[in-house]
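Report on one structure; see the data block that follows.
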Amino acid sequence: MSRSLRHRYRRFFGRRIADEIDAELRFHVDMRVEELIERGMGPEEAKRAVIARLGDVESARRECTVIDQRQQRREARHDMFDSFLHDLRLAGRSLARQKGWTAVVVATLGLGIGANSSLFSIVNAVLLRPLPYPDSHRIISVSEAYDGRDGFVVAAPVLAAWRTEATSFDALAAYSSSSTIMQGRGDPEIVRGQQVTAGYFAVMGQMPVRGRPFNADEEKPGAPRVIILSDQLWRRMYGADSTVLGATINLDGNPTTVVGIMPPSFTSTGRAQYWIPLRTPASTGGATFYYSALGRLRHDRTIESARTELATIQQRVNAARATEARTATPVVMTLHERRYGDTRPALLLLLSAVGVLLLIACANVSNLILVRAARREGEFAVRIALGASRGRLMRYLLAESVILTTLGAVLALLLARLTLGSAVRLSPQVIARAEGIGIDSTVIVFTAAVAIATGLVFALIPALAVGRTSVNSVLAHSGGRSTSGGRQHNARRALVVAQLATALTLVTGAGLLAKSFATVMSIDPGVDVNRVLLGTVQLSYTRYGSGKATPFFEQFVERVRAIPGVEAAALSDALPLGGARMSTVFTLADGTKSPRFDVSAVGEEYFQALAIPRVSGRLFLESDAAGAPPVAVINQALAGALFPNDAAVGKQLPIGGENEPPVTVVGVVRDARQRGIESDPPLVLYRPVRQDGAGAYMHLVVRTSVNPQTVQRAIRETMLALDPTQPPPQFMTPQQVIAESVAPRRFNFVLLGILATVAALLAAIGLYGVMSYAVAERTREFGIRAALGADRARVLQHVMKEGVWLTVIALAMGGAGSYAAVQLLRNMLFQVSVHDPWIFAAGGLVLGTVALIACLVPALRATRVDPVTALRG
Amino acid sequence: MRDSTLDFQKGTLDLMVLKTLTWGPAHGYGIARWIEQCTDDALRIEEGSLYPALHRLEERGYVVSEWGVTKQNREAKYYRLTTAGKKQLRAAHDQWKRFTAALTKVMESAPGPA
């Protein structure tokens, strides 16, 4: 007999531990006594002698008891484990026999849990995880609010007062953004960094891992230039060469000494790659400088007390400030709040949405489980008759639930892993920049917890249902009613209708957004996008600021034109399709103000490069240079606005005001969407770059006869040949510019699209569940019909009737709901009516089809019922 | 006596019990008597520690127990050696042999260089 069997036997039929030990010891004593009696001692004397010799009986008994109890407990645990493994194996086999059903359940769970896992990963990285600095909750961002509105910065005099007088902070530092041109082993590049006061590193809690931080002297104007590099910059640009520390590098023409390198794990606000001391100017000449500020809260102070102290100091300084600033108040919050506070409401809303999605998924799955339980009623009845206790059955159902939820959780993690990458890429910048969004241990733990919770719910529902089944009632009408039919079934039907209606609303909304997105993408941008290359050039301000860039750029453009494959090349001070540009108004002859229009400085070949046709007059020539009469070209919209009844060519416009000669309009061109693809073309006035002058930051527009990517290299080399110390241009295609400008629209559309898809799938599964249940309940009936020779098609029709009916109700309710709900999307649509009939129709069609397919499967099963098995019950 | 000699005794007790059981299943009293007889009464086991030792050996899987009936029709708990127990007996015996050999070397050593 195996050991475990024997022990189980003993536990059921054997004596308790204490009795056993007593019996054993008593036997020993009796035998010893007999032995002594045989040797001639009297019984009493023998007994005393034996007990004396036995020594401490009590402690022996206790020791044995302890050992035996320990053994018993261990065996009980093994037994439970063994029987659970057994249950798992049975459940696994049973589930494997119904692969379709299992697949649907696992898919539902995977979708529901997966959506939660994905979103939780984002929420975890953005909201829950502390910033990657020591004691990051003590890093406080301070700023001033004017009229209750946060300005995000602090005025210099207030900041100075705070730094000298406030005691709530261990350190209070100011910082400001900075950019420069650096050249390491490769080409020169633009690098972004920060100007910081010496206390910055103390505030962040991270010192350079090599070298040292700044000291207070280095903030003074005139002090020798120093710089601290980030680890990434040091590796990328200088190949992690340790001799860079202490060396002097060229920072846009200024020799600067490298005094420190930050640790690899350090990422600062604004993704800065280097830090230089912030020099507050000695005299500001009346202008006020504003800075961002961060402080490290003292360990014994709270944010509230800090705010009060800062307010007191600020009030005193405010007295000497301009009127608007007199009522300024301090804004004090943690850095984490500053960075991610805005996203909290949206993320929490999304989290509740996917939570609801999970509940719906759970409802569907429990439905499906009940369907299955209904079909196995006979099996359970037999088990109960054979003596299985309710507890035993519940443990078996628990095993099934464990397998289902484990598979579901694994699928969920896979789905989350697949989709998180794209989700982050499409997200608004703030989220996309958060560190560590991915499947890490926290997300896995969360997924496991959700899976366990849902698993418990599933195990309970059918177990309770089974529990209420009495053997007699089941055997009496086998295949008939099971768990309190009518009312529960109606509740399930109502839930399915609700799911379908909600899904329809979401699908309609997603359809509207999709159409808007498609409309936007199909807009003619007014420029031929396929053969156009856009570039951005940022030269060093020290070398090329104040008009010194013009001769450089003139040469540059000439050389670019000479590159084979280039048809036209020109400068522009603003990016076409890009967005912001300078705008102005001027006073008309009759004293009224002109409409506001954009002003742009462009090269002669600009219109040719972008294929903007000339409507009248002429375009710019090389002769329109500095010293020549000032000219301008305007677009049709501006011409129509300024000269509705007249030709615009030849007219003079005093755009420079009183002190400048007016410009003469020499030509009119067609409108182009300069400000971004969705806005109407603005009113634009173009000036020749040769007259206006080029700044250090300009854009290059190039039309090519070949694939635009192929000339990029030649352009880069041209520029490096002209001046090897300047960073070559950054290129992008018009498609990229457009894509960036429509990114928010695309994000909304994709998000709603995903929600709609998941909701539709879940609703379909819910409908499938209800239909399956109805079919399962009436198996006997279908068997009879089939036996009586019922036509299969009529059985199908009969079953589908219920499904179709539910679908129609759902579509009607959903349609009505959509009609109202889409008002929410009004501001997000583009040239699409909120009640676009095509989209509504398409949504109804899609959902209707999905629903009908969901009904069809169980209906087909009904037609295939074998009358013999069905009637046997 | 709460010192290392107790552990020493526990170890040798286990060894003797295991060895005794190689002659067949026995109850606690039988084991004690056998050892006494074998050593001509020179070795008397501490009877208070015999039963805890037997239960511990069972917990570790070296022996299994079964209630049976003696020739005098008394109920007694018999212990039997398991395969694991046989292995353990061999190992413990080897260890003991090595130990006594070393001890012998020390005790019979001649005075040598310090």
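Chain identifiers are assigned alphabetically (A, B, ...) following the order of the sequence lines, protein sequences preceding nucleic acid strands; residue numbering begins at 1 within each chain. Being a predicted model, the structure only gives us computed values, none of them experimental.
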Would you check, one step at a time, whether the test salt bridge (charged side-chain N to carboxylate O under 4.0 Å, His left out) holds for E35(A) with R39(A)? CA-CA 6 Å; E35(A) 190 192 329; R39(A) 294 224 194 119; 3.0 Å; yes
Checking side-chain contact (heavy atoms from CB on, under 4.5 Å) for the pair L57(B)/Y79(B): CA distance, chi angles, key distance, verdict? CA-CA 10 Å; L57(B) 284 173; Y79(B) 290 87; over 6 Å; no
What part of R61(A) lies closer than 4.5 angstrom to a heavy atom of chain B: side chain, backbone, both or neither? neither
Are V69(B) and R74(B) packed together at the side-chain level, in the sense that at least one heavy-atom pair is separated by less than 4.5 angstrom? no
Side chain, backbone, both or neither: which part of T82(B) has a non-hydrogen atom closer than 4.5 Å to chain A? neither
Parallel, tilted or perpendicular, as decided by the 30° and 60° cut-offs, for the rings of Y29(B) and H27(B): parallel
Identify which part of R56(B) has an atom lying under 4.5 Å from any heavy atom of chain A, answering side chain, backbone, both or neither. both
Counting heavy-atom pairs under 4.5 Å to chain B, which of R62(A), M31(A), E24(A) comes out on top? E24(A)
Name the region of E63(A), side chain, backbone, both or neither, that has any atom closer than 4.5 Å to a heavy atom of chain B. side chain
Spatial distance of atom OG1 (T447(A)) from atom CG (N116(A)) [nearest 0.5 Å]: 8.5 Å
Checking E34(A) against chain B: side chain, backbone, both or neither under 4.5 Å from a heavy atom? side chain
